[in-house]
Structures are given as structure tokens and as C-alpha cells.
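Here the structure comes first, spelled out in C-alpha cells, and everything after it is commentary.
Just so we're on the same page: letters track the sequence lines, and every chain starts at 1. When reading the values below, keep in mind they use all heavy atoms of this one structure, side chains included, and skip hydrogens, waters and symmetry mates. Treat the numbers as computed from the prediction; the structure is a model and nothing was measured.
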Number of protein chains: 2
Amino acid sequence: MKPPKSSKNDVFLRYKLWLSAVSGEGIIGEGTHLLLREIEERGSLKAAAEFLGISYRKAWGDIKKSEELLGYDLTVKRRGGIGGGQSDLTTKAKNLLEAYDALHKKMDTAIEDAYAEFKEKTK
Amino acid sequence: MKPPKSSKNDVFLRYKLWLSAVSGEGIIGEGTHLLLREIEERGSLKAAAEFLGISYRKAWGDIKKSEELLGYDLTVKRRGGIGGGQSDLTTKAKNLLEAYDALHKKMDTAIEDAYAEFKEKTK
DNA sequence: GGTCGATATGATAATGGTTACATATCGACT
DNA sequence: AGTCGATATGTAACCATTATCATATCGACC
């Protein structure tokens, strides 16, 4: 998915992959995936949002929406105490992330192959 | 959390695939792809836009942007004459569409496989 | 040469998603 | 019991994309 070195009018492929509800609403995409990763890494939603350069408000809303659509919690939230509070991932969230990563890896490989073929056809 | 309104079995995968310029700007995605297909089918941009339910203004802008980013024309435009004018695809556009279709087919297969694995992991 | 309908394009309005602001709540720790 | 910082959530401001409106241009055909 990284843009290769290319000339001015050269093109490359990009894709987005996400989990969707039957309604069509997105449940988890690249953004939320990264966010969950950072929550796992940093132990709080606030720190994760800051690190990713998005507002806490949006980060919180994204997680909430995901959880509501999935029907189960992705994070364990705590308020108070040292540091003011923390968020950690649930086991389900960790499993989800792992599966999501594998998925992306497969898709990356697929698109790499497809891109080579595409370039051949359109050159 | 609110009461779950859906089970996690209700989720599925979606993806978007598009050609991008090095700048990151999208050149051709699903919308433009369909639009080109309909231009080919109907012989005019206006008819294609109407069929797809998008404004002529947007359709025209999308094609123009694609052509500018690619550095070559996707359509042959004619004004005047019987019917007022027509648009047809260039040979390059046709090749591009063909390659794009093959690409999508490959990705569809890849995502099908990946999804089966994903469901297994998250069930 | 006048007509007609599609191409061509600027300008403005509406829309949806993000950010910014503001404020309340919780609870382990001192 | 009071403090502190993160979670929680509503509302308003902002921005980028899309749609709507409006208008000009071209040129084969009659």
C-alpha cells in the first residue's frame, strides 16, 4: 500500500477495508483499528487519541459506535485513581485486532499481485 | 452500554479500491468506473449521469479530474449535430476499465478467502 | 444561418463528517 | 473528604465534498 517511486502522472492503487454492519454502517476501519492498537499500547483513550492526532471527542465516539454496533465492549474503561483513569482492550478486542491484521496482510499481498498485473495491462 | 441490537455474526467485510496519484488524490474509484462504463454503453455523458442518478455537473467534473491526473483523455467529446453531442471512451479508457475489472475480481476472491479465516478467528 | 441538445464551467447552496468548546462525572489515592 | 486527571457527552463551529442553479459554447443538421 505504499506509493512507489513514480513519475508525475504515474498511478498506484489504494484500498480501504472495513467491518460493516448489515445496515451498511462502518463498524471498524483503519482509523479505529489504529486507535485500538494505541489504546492497547498506551493504556488510555486520551493518550491514544493525542498520539494519533485526533480529538478525544472523536476517538471516544468512534469506540462507542463500534461497541454499539458490535453488541459487545472493546475496551474496559476505568475512571479515577492514579492518572485519572485508564482504558484497556477486552479479550474480544484483542482477538478482533489479530484477525484484522491477518486480513490486511492477505489483502496487501493480493493487491500487490493485482497491481503488477494491472500495470502490465495498462502500460 | 446499550442493549445489543445485533450479534457479531451480523458483521461483514467491505472494501473500496481506487487508483491514486502520488499526491494521494483519487483518480478513479468505483463511481468513475461505473460512469465510464455507462458512457461506453450510452454514448453520452449526460445520459450516463442521468442513468446513475448523479448530476451532470459532478459527472463532468469527475471525468475532467481523472483525465487531468492521468495526463491523457478517457473520453472523446463531441458537441453539436444530431442529439446535440456525444461522448465515447478512448482506447486507453477501455484498457483501463478492463484492467480495473480484473483487479476487482482478484480482490473479491482474496477478500472471500480472508473473510472465511477472519470469521473462524473471531467466532 | 437558425435550431437544438449535449458539452463546458463558474458560482452558490446544502450536507456530512470532524474538530473545538464546554461541562459533568467518576473514583483510586493522599 | 478533597484532589486530580481521564472518561463521558452535548452543542456549536468548521471544513471539505457534493449538489443545485445558472449560463455560455459548440457544431452537425435542416
Per-nucleotide protein contact string for nucleotides 25-30 of chain D (B base, S sugar-phosphate only, - none; heavy atom under 4.0 Å): BBBBS-

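- For the side chain to side chain contact (heavy atoms under 4.5 Å, CB included) test, residues two or more places apart in sequence or in another chain that qualify with A:Thr91 are A:Asn95.
- With values rounded to the nearest 0.5 angstrom, A:Asp88 atom CG is found 9.0 Å from A:Ile39 atom CD1.
- With sequence neighbours excluded, no residue forms a ring pair (Phe, Tyr, Trp, His ring centres under 6.0 Å) with A:Phe118.
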Annotated protein contacts, base or backbone, on nucleotides 10-23 of chain C with a non-hydrogen cut-off under 4.0 Å, one of B, S, - each: BB------SSB---

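- With sequence neighbours excluded, the residues satisfying salt bridge (Lys or Arg N to Asp or Glu O under 4.0 Å) with A:Glu40 are A:Arg37.
- Every residue was checked against the salt bridge (Lys or Arg N to Asp or Glu O under 4.0 Å) condition with B:Arg79, not counting sequence neighbours, and none meets it.
- Listed by residue number, the members of residues 27-49 of chain A with any heavy atom below 4.0 angstrom from DNA chain C form an empty set.
- Applying the salt bridge (Lys or Arg N to Asp or Glu O under 4.0 Å) criterion to B:Glu41, with sequence neighbours excluded, gives no partner residue.
- Residue pairs meeting the ring-ring contact (aromatic ring centres under 6.0 Å, His included) criterion with at least one partner in residues 22-52 of chain B, sequence neighbours excluded, are B:His33-B:Tyr100.
- Here side chain to side chain donor-acceptor pair (under 3.5 Å) pairs that include residues 51-60 of chain B, with residues two or more places apart or in two chains, are B:Lys58-B:Asp62.
- Residue pairs meeting the salt bridge (charged side-chain N to carboxylate O under 4.0 Å, His left out) criterion with at least one member in residues 113-122 of chain A, sequence neighbours excluded: A:Asp10-A:Lys119, A:Glu117-A:Lys121, A:Glu117-B:Lys106, A:Glu120-A:Lys123.
- Residues that satisfy the salt bridge (Lys or Arg N to Asp or Glu O under 4.0 Å) test with B:Lys77, not counting sequence neighbours, are B:Glu67.
- Positionally, the nearest nucleotide of DNA chain D for A:Gly83 lies more toward the 5' end than for the other of A:Gly83 and A:Thr75.
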